[in-house]
Structure formats: C-alpha cells, structure tokens
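All chains are named by letter (A, B, ...) in the order of the sequence lines, taking the proteins before the strands, and each is independently numbered beginning at 1.
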There are 2 protein chains.
Amino acid sequence: MSPTPARTSRERIVAEGLSLLESGGLDAVTMAAVAERVGVKPASLYKHVRDRSALVGALVEATAVAIGRDLAADDDPAAAPRARLTSLAHGYRAFATAHPRATALLFAHLGEGVSLGAEPSRAAAAPVLAVAAALAGPDRALPVARVLTAFVHGFTTMESAGAFRLGGSVDEAFETGVALLADGLAGRRGA
Amino acid sequence: MSPTPARTSRERIVAEGLSLLESGGLDAVTMAAVAERVGVKPASLYKHVRDRSALVGALVEATAVAIGRDLAADDDPAAAPRARLTSLAHGYRAFATAHPRATALLFAHLGEGVSLGAEPSRAAAAPVLAVAAALAGPDRALPVARVLTAFVHGFTTMESAGAFRLGGSVDEAFETGVALLADGLAGRRGA
DNA sequence: ACCTGAACACCGTTCAAGT
DNA sequence: ACCTGAACACCGTTCAAGT
C-alpha cells in the first residue's frame, strides 16, 4: 500500500559517478557500476536520471559548480589584480589535479544535444570574469577571461593527460605562462 | 591454395575511423561501423589492428603527424619571431576547426596504458619548439612551447566544444591571447 | 512511487572453419 | 594469409510485474 521510499538519490548517483569517473575514466561510468555502488539494480537508475548521457551531463554540471565555488572562495577582491590572477591559476590547477577526468570533461564534446546548463556555466565563469575585469578593465574582461581559461584549462588538461614528457619542470612552465599573461596585460595597460 | 590478398588496409581503416570520429564523435567509431565502411566484417579488423583502443591510438597518432606536418609547412624560419608565432597559432586553430574531435583527442586520457608514440609526439611538438626558441631563446624554448601549446590547444578545444556562449567576438579573444603572450615575451626579452 | 527480472538491440572480442 | 559466421560477455534501455 505505502509506496516504497527511494532507496537512493540523484546526489548519491552523481557522487558515485564522479568517483568512478576519476578512478577508471568515463568508460568506467557504467549504469551497472553506478547502480552497484549505490546499492540498486541498473534499471532503477532510470527513475533518477533520464539516461547515461544525462548522468554524464550531471557529472559535468556538478564539477562546474564545484570549481566555481572553489575559485570564488579563494579569490580576494581586495588583493592586487596580479595576485588574484596567480591565485586563480593555482586554484584551477589544484582542482584539476584533484579531479583530472572531471576537469577535462568540463570543455569536452559530450553528446550532440548535451551542453552545460546556463547556471552552472555562469557559476564556473564568474570568478575568472571578476579577475579578468580587475586586470584589464570591464570592457576587456570577456576576451581576457577566455584567454586565461584557455591557458589554464589547456595546460592542466595536457598535464593530467601526461603530455609533458620532454623533461624540464612542469611547474616552471606553468609559472612561465601565468607570468607571460600577467606581463602582457601589464604592458597593455599603459598602451 | 593461394592465400587471399588483404581486402583492406590499416590506412583505410584509420582513414574511415577519422571520418567517423569527426562526423559522430568517438562513440561512433565502432568496430562494426569501421568494418562496414571499409567493406569487411567486424572480426576481420582484428587482423589489421590489435583492438579498438589500438585503433583509437592510431587515429591520435595520425592526427599528431598531420598537425605537425601542417604547422611545419606553414612556418618560415626566416620570418620575424612574432610573425611565426601568429602563423603557428592560426595554423593550429585552422587544423582544430577542420578536425575538432581529433584535435581534442590529441591530449586526452585514452586507455590507461595507451599513450602517443615518441615519434608522432616529436613530430607534432617540433614546430612549436622551433618558434618558441626563436621567441625566447633555446634555453627557455621548452617552457614557452608548453605555454603556447596549452593556450592554443585549450582555446580551440573550448571553442569547438561550444564553450564560448557569452557573446562577444571569439576571434578577438584568440587574437588577444596571441598578443598577450607575444607582448609578455617581448617585455621579458629585455628583462 | 520506486524497485526488480526479463528481454532486446548493440558492441567488442575470440575462434574454428573457410578460401 | 586474410576473411567469415557463430558464439560469448557486457552494456544501455524498456517494461510489465512486484511491493
């Protein structure tokens, strides 16, 4: 008579999906594996999630919100713009080191129709836009934010994919990038 | 008596795999789909390729060689370093526009063991290293090349994933990035 | 209202059997 | 020496039946 209460939740499903993603890559995020982790049969997941691509979309969404929260928490609007840039870059890299697969997925082609929702997208972008505005002024904030995100995302993606195999210090390369962009912005400010 | 001659080849398989990759994403690169394209049954592919992950590895390898060739062909060692950087950045972006899925795969986690061979990796990196050396000197070439690749790869990955949705000119953002990096390098040259 | 077992289509892979 | 059909394990998904 009484309808059975939910034995799992979308939150648990997303949490276990993220865990599987980091431990085994996207291929390991299987409806069967997620179901087993949350203690339910595969078919039951469809009561909580439309299908597997919606689940992957939810993983990306959760990741966007998390990185946005981390970066916003680390940002100090009262600090010097260059210090804010350094902190932002280090924060993104730290997040990418902790969650490499999820971070790589942030800007990947998912299914044809699948794309990040407007709100999570805004949450992730806000801290970068704020720092870019401080560095380059409000009317140059958007292109500068895109450049900063591209560098920091590209670098960390390559790093966690194991692309830097010619020796040398990867940390030094990252600092070089941050410094070059900061110097470029400083040079332009007077121009 | 006479053994049957091969009805397909690794080259055709790779070519059709790349075509499927660009038209439908990595999920569309199915042993069945590739086999049908090359006119053979799925099981026969295993005479030419170890398994699906080796096939994907071959797609990445072919892409690395192709982009290395394109970038090297466009580079003019006699040109001014800044012009060479601009040409390199535009060349990478043009390649990524023509082959977005393959370019994104260049620095993706593939299977656990799977990683790009040394030779294709070197072929792809060589033109970037050459331009970086011209811009920053031989002893700073490696970190600078990493920074340039990170920006250009990150930007084009985000662009083809449809990440730039806040309006504004994406072209302008790309030029901003190239100019910032060039300015940063120019400023540092005297330091 | 959620969970399950059974079923289906599809995919990667192997292998004995063909030529 | 390469190709094929048959077979197997696995995966995503649906749905009628349970509680």
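Shown here are the ring pair (Phe, Tyr, Trp, His ring centres under 6.0 Å) partners of B:H48, two or more places apart in sequence or in another chain: there are none. Evaluation of the side-chain hydrogen bond (donor to acceptor under 3.5 Å, both in side chains) rule for B:T157 yields B:H153 as partners, not counting sequence neighbours. Remark: A:V147 pairs with A:L181, B:F151, B:T176, B:L180 by the side-chain contact (heavy atoms from CB on, under 4.5 Å) rule, at least two apart or across chains. The side-chain contact (heavy atoms from CB on, under 4.5 Å) test applied to B:A96 returns B:T103, B:T156, not counting sequence neighbours. Residues that satisfy the side-chain contact (heavy atoms from CB on, under 4.5 Å) test with A:A104, not counting sequence neighbours, are absent from this structure. Listed by chain and number, the residues in a side-chain hydrogen bond (donor to acceptor under 3.5 Å, both in side chains) with B:S160 amount to none (sequence neighbours excluded).
Between B:T4 and D:dC3, a side-chain N or O to OP1/OP2 separation shorter than 4.0 Å is absent.
Per the geometry, OH belonging to B:Y46 stands 14 Å off C1' belonging to D:dA7, to the nearest Å. A:K47 places its NZ atom 11 Å from the C1' atom of C:dT4, with the value rounded to the nearest Å. Note: CG (B:L55) to P (C:dG12) measures 10 Å, nearest angstrom.
Within a heavy-atom distance below 4.0 Å of DNA chain D, the residues of residues 7-19 of chain B found are B:R7, B:T8. Less than 4.0 Å separates DNA chain C from at least one heavy atom of each of the following residues of residues 26-42 of chain A: A:V40, A:K41.
The heavy-atom pair separating A:A124 from A:P127 by the smallest distance is O-CD, 3.5 Å. Nearest approach of A:P120 to A:A64, heavy atoms of both residues: O-CB, 3.8 Å.
Residue A:R52 places its side chain closer to D:dT13 than to any other of D:dT13, C:dT4, D:dT4.
The salt bridge (Lys or Arg N to Asp or Glu O under 4.0 Å) contacts involving residues 147-174 of chain B comprise B:R93-B:E159, B:R93-B:D171, where partners must be two or more places apart or lie in separate chains. Residue pairs satisfying the salt bridge (Lys or Arg N to Asp or Glu O under 4.0 Å) criterion with at least one member in residues 15-32 of chain A, sequence neighbours excluded, are listed as follows: A:R12-A:E16, A:E16-A:R37. The stretch residues 60-76 of chain B participates, sequence neighbours left out, in these side-chain hydrogen bond (donor to acceptor under 3.5 Å, both in side chains) pairs: B:D75-B:R84.
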Starting at the 5' end of DNA chain D, write a dot or bracket for each base, bracketing those in Watson-Crick or G-U wobble pairs whose two distances are under 3.5 Å and using | for partners on another strand. ||.|||||...|||||.||
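If you check every strand for non-hydrogen atoms under 4.0 Å, B:A6 touches sugar and phosphate atoms only.
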